[in-house]
Amino acid sequence: MPELPEVETTRRGILPHLRGELVSNVIVRNPAMRWPIEKNVNRITGMTITGVSRRAKYLLIECSAGTLMLHLGMSGSLRVCQPDIPLKKHDHFIMQLKNGTELRLHDPRRFGAVIWHEGAINDHSLINHLGPEPLDHDFHADYLHRSCRDRKTSIKQHIMNGKVVVGVGNIYASEALFRSGIHPKRLAGRISKPRLERLVDEIKSVLDEAINQGGTTLRDFLNESGQPGYFKQRLAVYDREKDRCISCAGTIRRIVISNRSTFYCPTCQK
DNA sequence: AAAACTACCTGAGTGC
DNA sequence: TGCACTCAGGTAGTTT
């Protein structure tokens with residue numbers, strides 16, 4: 001479900017509820033996530049949360065002696081609420097705070113993850129191979145151009161590859177390519193530098209705008225208060241097969257690239 | 001090394 | 001109503 005804007009929206013939403021609070025208990029209702037939730041997540045009990053950060057699509061709940069890493073997978077969402085709100089079927093993990101509120105991880109498909117890590121986060125094997133953050137200064141045209149060199153994969157797969165750049169998922173890959181006028185199947189190694197420059201700019205701006213709109217709710221993404229995001233109204237191509245292109249009034253097409261739906265305008269994107 | 005493919009899981013929607 | 005089938009926002013791990 002969530003790409004970078006949805007994870008960042010969640011981070012900003014939960015941060016004021018968690019920062020400075022003491023963890024009184026954790027409850028694992030169903031440990032069968034992408035990897036089994038280990039018993040060591042209990043170590044956060046009694047600790048004070050110092051911050052909530054994000055690396056790629058991982059949310060990092062930071063304490064002085066370790067970090068609780070959360071991933072929302074395809075269908076995960078977090079909710080901060082009072083304990084008397086009825087639990088949902090797929091509320092698999094709960095972190096209770098001494099102030100009486102609790103954080104609930106809801107994830108029907110269970111592709112998400114809950115991991116306790118002590119030590120530097122960049123040492124973790126799920127983090128240490130990742131490319132730059134798309135909104136950071138080290139993701140720039142020179143870098144993307146170099147990374148594309150001699151690559152025989154499609155540009156869409158390339159920008160969705162976390163070793164190249166993190167956080168660009170299936171929605172925003174299609175959107176950024178539309179904004180850049182680049183056909184999603186074009187080989188990464190066969191795109192001129194000026195066009196990649198444009199692509200870098202459009203990746204940054206589409207993610208930035210989506211964050212400002214609270215993310216995209218297609219089916220079930222909700223923020224920490226249970227509210228949807230509003231970027232869906234601004235999607236130019238994603239999930240708009242057979243609709244009119246907002247730029248040329250042609251017809252949006254759906255194709256499949258490595259088993260993922262891909263939307264583009266055949267007139268505007270070459 | 002890079003590219004292609006598999007696997008994990010539930011639920012909503014469609015067509016018969 | 002029920003069954004069979006497709007599709008969905010991710011990504012580690014395996015195979016080619």
Side-chain angles (χ1 to χ4, degrees), chain A residues 1-11 29-37 54-59 69-78 88-93 105-115 124-131 134 146-177 184-190 203 206-207 210-211 213-223 228-235 237-241 254-263:
Chain A
M1 155 216 298
E3 301 184 35
L4 187 146
E6 293 73 41
V7 178
E8 179 61 18
T9 294
T10 300
R11 185 193 73 79
R29 300 181 71 229
N30 184 353
M33 302 290 286
R34 175 159 195 177
W35 300 283
I37 301 178
R54 178 186 59 72
R55 175 71 174 103
K57 294 170 190 164
Y58 291 93
L59 280 166
M69 302 168 57
L70 303 180
H71 198 289
L72 302 179
M74 286 279 259
S75 58
S77 59
L78 289 171
K88 294 192 208 167
K89 180 178 177 185
H90 298 292
D91 285 338
H92 303 311
F93 175 82
L105 173 62
H106 181 259
D107 186 4
R109 293 178 71 181
R110 290 188 275 111
F111 286 172
V114 181
I115 296 162
H124 197 281
S125 60
L126 292 170
I127 302 280
N128 62 16
H129 64 286
L130 295 175
R146 259 182 281 121
S147 76
C148 284
R149 204 181 157 83
D150 297 331
R151 288 299 191 97
K152 291 180 169 47
T153 191
S154 71
I155 187 62
K156 185 188 181 230
Q157 288 174 284
H158 190 69
I159 60 175
M160 289 179 70
N161 178 352
K163 291 176 191 166
V164 174
V165 60
V166 301
V168 182
N170 205 38
I171 296 178
Y172 301 107
S174 279
E175 293 298 312
L177 289 167
K185 273 194 168 166
R186 178 164 286 279
L187 298 190
R190 306 226 23 207
I203 288 172
V206 75
L207 293 177
I211 291 168
Q213 294 294 307
T216 298
T217 297
L218 282 180
R219 294 164 191 85
D220 51 11
F221 171 71
L222 299 175
N223 70 13
Y230 298 104
F231 196 71
K232 186 180 196 310
Q233 300 144 252
R234 308 241 195 138
L235 296 178
V237 287
Y238 189 87
D239 208 16
R240 294 192 65 236
E241 185 184 15
R254 174 186 180 272
I255 56 175
V256 175
I257 298 177
S258 69
N259 292 318
R260 310 295 301 274
S261 281
T262 305
F263 301 87

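Chain A is the first sequence line, chain B the second, and so forth, proteins listed ahead of strands; every chain is numbered from 1. Since we're looking at a predicted model, the values are computed, not measured.
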CZ of R11(A) to CG of N223(A): how many Å apart, nearest 0.5 Å? 14.0 Å
Going from CE on M33(A) to CG on L70(A), what distance comes out if it is rounded to the nearest 0.5 angstrom? 9.0 Å
What dot-bracket string describes DNA chain B from 5' to 3', counting Watson-Crick and G-U wobble pairs whose defining distances are under 3.5 Å, with [ ] for crossing pairs and | for pairs to another strand? .|||||||.|||||||
Side chains of K156(A) and T262(A) only: does a donor on one sit below 3.5 Å from an acceptor on the other? yes
Y58(A) vs dA12(C): side-chain N/O to OP1/OP2 distance below 4.0 Å: yes
Ring-plane angle category for F231(A) and Y172(A), please: parallel below 30°, perpendicular beyond 60°, tilted otherwise. tilted
Any residue in residues 254-261 of chain A with a heavy atom nearer than 4.0 angstrom to DNA chain C? Just list them by number, or reply none. R254(A), R260(A), S261(A)
Scan side-chain atoms only and decide if S154(A) and Q157(A) contain a donor-acceptor pair under the 3.5 Å cut-off. yes
note: Y230(A), atom OH; dG9(C), atom P; distance rounded to Å ~ 22 Å
Nearest whole Å is fine: how far is dG10(C) P from L130(A) CG? 14 Å
5'-most contact on DNA chain C: F263(A) or H129(A), nearest heavy atom basis? F263(A)
Assess whether a salt bridge exists between E8(A) and R54(A), defined as any Lys/Arg side-chain N lying under 4.0 Å from an Asp/Glu carboxylate O. yes
If the cut-off is 4.0 Å, is K152(A) near the phosphate of dA3(B), judged by side-chain N/O to OP1 or OP2? no
Distance check, P atoms only: dT6(C) and dT6(B), in whole angstrom units. 15 Å
Each nucleotide of nucleotides 9-15 of chain B classed B (base within 4.0 Å of a protein heavy atom), S (only sugar-phosphate) or -, in 5' to 3' order, makes BBS----
